[in-house]
> 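Let me begin by handing over the structure; questions about it come next.
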Amino acid sequence: DKDEEFLVVRDLYAGYGDAKVLHGVSLTVARGEVCAILGPNGAGKTTLLRALCGMVKGRGVIRLDGADLVGRSPDTVARLGVAHVPEGRGTFMPLTVEENLRLGAFTRRDRKAVEEDLERVYGYFPVLKQRLKQAAGSLSGGEQQMVALGRALMLRPRVLLLDEPSLGLAPLVTRELFGIVQAINEQERTTVVVVEQNAHLALGIARHAHVLETGRIVLSGTAADIRADEQVAQSYLGYR
Ligand code: ATP
């Protein structure tokens, strides 16, 4: 049904000029679910998210709630409700926390609602409210990741694409962040696609997961299925 096929990727090919990275990726994400993309370095996870948000040109099908996304500009894809939190966060370091957050609302004209959403973001990240006027570059890594997430939320996204949110963060900070992602998913019913090296964490909040290897999905299933897979356990979970 419609909700089960909220985000549909079918036979997606993408790359950088002659460097072909994705070789026919297919997956479906249901409305309101958290979906994890696992896989080794260089598998194409980042490229998949870039293709989903229009940063990288793809061939094949990408459909969000019936709307065709392939070939559209990042700007158009954002307006259709897809927010991307890139690896390395894409935070504008010289700008203040508040300026960064307001940038996330660039597609919106409803000023009053934007002010309300700023408060909503501070609700998820109270520490950012204390640092409103501080340059984002002066924040800790975890706080910068919060700014990046907060900025994405300011778009009122229907889909949140998260690339390695745990990168470079201490385990405690990472757990806190994943808790907030889960709260956002539950409270806003935002669909989340998260690329994550830390498979334990990702499977902890995901309903379904897909394993990407050399540009192909080699395994798909519920988080429990993926956790139970011997090969995944050895490669990504650090036990057998
Ligand atoms: P990682 O976890 O290391 O980020 P990944 O699964 O996200 O890995 P990608 O970043 O998508 O993998 O990279 C897939 C392949 O595409 C790699 O071989 C990489 O070298 C190549 N690649 C990535 N970005 C570019 C680019 N801008 N130009 C050319 N090749 C690129």
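Just the heavy atoms: all of them, side chains too, but no hydrogens, waters or symmetry mates, feed the values below. In listed order, ligands and their atoms are each counted from 1.
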> Only distances under 3.5 Å count here; give the side-chain donor-acceptor pairs of residues 41-62 to other protein atoms, sequence neighbours excluded, each with its distance to 0.1 Å.
{"residue": "K45", "atom": "NZ", "partner": "G39", "partner atom": "O", "Å": "3.0"}
{"residue": "K45", "atom": "NZ", "partner": "P40", "partner atom": "O", "Å": "2.9"}
{"residue": "T46", "atom": "OG1", "partner": "E87", "partner atom": "OE1", "Å": "3.2"}
{"residue": "T46", "atom": "OG1", "partner": "D163", "partner atom": "OD2", "Å": "2.9"}
{"residue": "T47", "atom": "OG1", "partner": "Y16", "partner atom": "OH", "Å": "2.8"}
{"residue": "R50", "atom": "NH1", "partner": "Y16", "partner atom": "OH", "Å": "2.7"}

> Specify side chain, backbone, both or neither for V21, according to which of its non-hydrogen atoms lie closer than 4.0 Å to ligand 1.
side chain
> Going by heavy atoms in the side chains, are L149 and L162 under 4.5 Å from each other?
yes
> Provide, to 0.1 Å, the distance between atom 10 (O) of ligand 1 and the closest protein heavy atom, together with that atom's residue and name.
T46 CB, 3.4 Å
> Looking at ligand 1, does any of its N/O atoms fall within less than 3.5 Å of an N/O of A19?
no
> Any chance CZ of R189 has more than 12 other-residue heavy atoms, nucleotides or ligands included, within less than 6.0 Å?
no
> Looking at every non-hydrogen atom in both residues, tell me the closest pair between L169 and G141 and how far apart they are.
CD2-C, 3.4 Å
> Specify whether the nearest protein heavy atom to atom 29 (C) of ligand 1 is under 4.0 angstrom away.
yes
> Of all the non-hydrogen atoms in the protein, which one sits nearest to atom 9 (P) of ligand 1, and at what distance?
T47 OG1, 3.7 Å
> Thinking salt bridges, do K112 and E116 make one under a 4.0 Å N-O criterion?
yes
> Between OH of Y122 and NZ of K129, what distance do you get to the nearest 0.5 Å?
7.5 Å
> Quick one: OG on S166 to CD on Q197, what's the gap to the nearest 0.5 Å?
7.5 Å
> On a heavy-atom basis, which atom in A209 and which in L203 lie closest, and how many Å separate them?
CB-CD2, 3.6 Å
> So which protein heavy atom does atom 12 (O) of ligand 1 come closest to, and at what separation?
G44 N, 3.1 Å
> Among all protein non-hydrogen atoms, which one is nearest to atom 23 (C) of ligand 1, and what is the separation to 0.1 Å?
Y16 CE1, 3.5 Å
> Among all protein heavy atoms, pick the one closest to atom 18 (O) of ligand 1 and tell me residue, atom and distance.
G42 O, 4.4 Å
> Under 4.0 angstrom from ligand 1, any heavy atom of G17?
no
> Tell me the protein heavy atom at minimum distance from atom 3 (O) of ligand 1, and give that distance in Å.
N41 ND2, 2.9 Å
> Within a distance of under 4.0 Å, is there any protein heavy atom near atom 20 (O) of ligand 1?
no
